[in-house]
> 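Can you read through this structure? Questions will come right after.
All chains are named by letter (A, B, ...) in the order of the sequence lines, taking the proteins before the strands, and each is independently numbered beginning at 1. Treat the numbers as computed from the prediction; the structure is a model and nothing was measured.
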Number of protein chains: 2
Amino acid sequence: MQSPKPRSPRKPKGQGAERREEILDAALTLFSQKGVHAVSTRQIAELAGISQPALYAYFATKDHIAAELCVRAFAILRQRMSDAGVTCQPTPQTFERALRVYIDFGLEEPNAYRVAFMLEKGAGFIEQTDGRPMEAGLDVFQVFHEIVSGFHAQGVMAGDDPLAVTQSLWAGLHGLVALLIARADFPWVERETLIATHVAMLRRGALK
Amino acid sequence: MQSPKPRSPRKPKGQGAERREEILDAALTLFSQKGVHAVSTRQIAELAGISQPALYAYFATKDHIAAELCVRAFAILRQRMSDAGVTCQPTPQTFERALRVYIDFGLEEPNAYRVAFMLEKGAGFIEQTDGRPMEAGLDVFQVFHEIVSGFHAQGVMAGDDPLAVTQSLWAGLHGLVALLIARADFPWVERETLIATHVAMLRRGALK
DNA sequence: CGCACTATCGATCACTGATAACTTATCATC
DNA sequence: GATGATAAGTTATCAGTGATCGATAGTGCG
């Protein structure tokens with residue numbers, strides 16, 4: 001009976017940080033396909049080529065995996081917003097383009113966006129991950145606020161409280177992205193038409 | 001040893017539809033406190049005073065409980081929007097007031113709003129519940145669209161696609177409500193200032 | 001060789017949503 | 001009152017989940 005236990009093939013190829021990346025790759029693939037909640041740690045582990053408990057050598061919880069992906073996605077958004085803001089002449093066209101950077105990101109990375117801004121609280125996500133996705137989101141907001149403030153300095157913004165206008169604009173952008181993500185099967189008008197209408201509406205409402 | 005089995009106290013008080021309401025009350029309470037995802041069927045059953053499997057005599061799945069709450073929330077919002085729309089003269093003031101009806105509902109009934117508009121998809125929620133929350137949401141949107149169309153008929157709306165403008169306005173409203181609910185600890189400006197700024201921005205963007 | 005350390009695994013825990021089979025309360029009918 | 005049918009609730013159980021624990025294979029070093 002003491003057969004030499006046909007040991008499952010160990011896969012020690014991942015040395016140090018490589019395994020971590022493999023796990024993140026597997027998780028991102030699965031999250032994108034099925035949504036964060038519908039993916040189990042065993043599925044992630046299988047795709048990564050390791051056992052399920054091995055995940056916990058690299059991430060404290062499943063939420064931490066999602067949080068890591070989220071933070072990385074937001075770094076991308078922050079960079080894009082920053083790039084769009086630097087070369088930003090205070091014209092209505094550049095204003096609309098800055099708004100579109102945000103919308104495009106949300107629609108391109110719906111999972112990251114969901115994790116950052118649409119996940120229910122109380123589910124322990126924000127808390128368990130030390131609010132790191134939240135901080136990453138705040139970074140993006142800060143960049144956005146600087147862009148809006150640039151327009152405000154030129155005297156072209158409506159309203160006299162630039163922070164309030166920034167938050168209001170952000171809310172306006174978030175609403176469109178969040179609804180398009182969460183209610184994708186709603187009978188929306190053609191997407192480009194809707195985005196153009198929305199961006200134009202926000203521009204008219206925010207600029208003099 | 002064949003002690004007469006200290007039978008757990010049966011609780012047959014719920015006759016027919018009463019139990020259903022008790023379950024919904026318990027579920028709404030728990031969902032509000034901890035979020036839909038963090039509440040288990042056993043917790044709902046305990047608060048409702050029945051065993052966990054007894055839930056399934058009234059609801060096919062846990063998602064169906066949330067769906068029922070969702071539909072009811074939509075019905076309340078629909079009624080309020082309808083009431084506000086009937087007496088609506090096409091002035092900027094009444095326009096802003098109509099927008100505030102939506103925002104006020106969301107902030108007064110954050111739990112209902114969360115269940116209605118902020119539940120995560122991908123967990124099979126909309127699908128498993130035969131799209132009933134979706135239909136209820138369409139009802140609300142229809143009322144909102146009629147109000148906006150009323151303004152459009154007066155020739156005071158910007159843009160030439162009233163449906164696109166309606167969807168855009170809805171997105172703008174949803175964004176503010178959703179963010180105020182989901183990120184209550186964000187460093188927002190004073191709430192009334194933010195709402196006033198937002199409503200004014202949407203009004204300027206939507207009306208000529 | 002022997003030792004320590006790291007990376008990994010099998011087994012397992014408490015809990016989840018859901019189902020099956022059984023028991024009990026109620027009620028119309030004899 | 002006794003009877004069978006039905007509705008309602010129960011216990012017991014299932015497969016699957018996230019997470020933990022102790023044991024072990026592999027590696028580097030003396």
> Figure out the CG/C1' separation between L55(A) and dA7(C), and round it to whole Å.
13 Å
> For Q52(B) and dA18(C), give me the distance from atom CD to atom C1', rounded to whole Å.
7 Å
> Taking NZ from K62(B) and C1' from dT17(D), how many angstroms apart are they, rounded to a whole number?
13 Å
> Roughly how many Å is it from NE2 in H37(A) to C1' in dG18(D), rounded to a whole number?
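These atoms are roughly 13 Å apart.
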> What is the separation between atom CD1 on I50(A) and atom P on dA19(D), rounded to the nearest whole Å?
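Spelled out: CD1 on I50(A) to P on dA19(D) is 14 Å.
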> In whole angstroms, how far is the P atom of dT20(D) from the CZ atom of F59(A)?
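Checked: the CZ to P distance equals 15 Å.
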> Looking at W170(A) versus F144(A), is the centre-to-centre ring distance below 6.0 Å?
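Judged by ring-centre distance (under 6.0 Å), W170(A) and F144(A) do not meet the cut-off.
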> Choose from dA12(D), dG18(D), dT8(C) the nucleotide whose nearest atom is closest to any side-chain atom of S51(A).
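Of all the options, the side chain of S51(A) is nearest to dT8(C).
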> Measure the distance from CD1 on I44(B) to C1' on dG17(C) and round it to the nearest whole Å.
11 Å
> For Y56(B) and dT19(C), what is the distance between atoms OH and P respectively, to the nearest whole Å?
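Rounded to the whole Å, the gap is 7 Å.
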> Could you work out, with ring-ring contact (aromatic ring centres under 6.0 Å, His included) as the rule, every residue matching H174(A), not counting sequence neighbours?
Y113(A)
> Side chain of A57(A), heavy atoms from C-beta onward: which of dG17(C), dT20(D), dT8(C) has the nearest atom to it?
dT8(C)
> So, using salt bridge (Lys or Arg N to Asp or Glu O under 4.0 Å) as the criterion, who are the partners of R42(A) when residues are at least two apart?
none
> Under 4.0 Å between a Lys/Arg side-chain N and an Asp/Glu carboxylate O for R72(B) and E21(B)?
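A salt bridge is present here (some side-chain N lies under 4.0 Å from a carboxylate O).
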> For the base of dG16(D), is there a side-chain donor-acceptor partner from R42(A) under 3.5 Å away?
no
> For Q33(A), look at atom CD and say whether over 12 heavy atoms of other residues, nucleotides or ligands are found less than 6.0 Å away.
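Yes, the 6.0 Å shell around CD holds more than 12 heavy atoms from other groups.
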> Looking only at the side chain of P53(B) (C-beta and beyond, no hydrogens), which of the listed nucleotides dT19(C), dA19(D), dG17(C) gets closest?
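Of all the options, the side chain of P53(B) is nearest to dT19(C).
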> Heavy-atom nearest nucleotide on DNA chain D for Q43(A) versus A60(A): which residue maps closer to 5'?
Q43(A)
> For the side chain of Y58(A), counting heavy atoms from C-beta on, which of dA12(D), dC21(D), dT8(C) is nearest?
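From the listed options, dT8(C) comes nearest.
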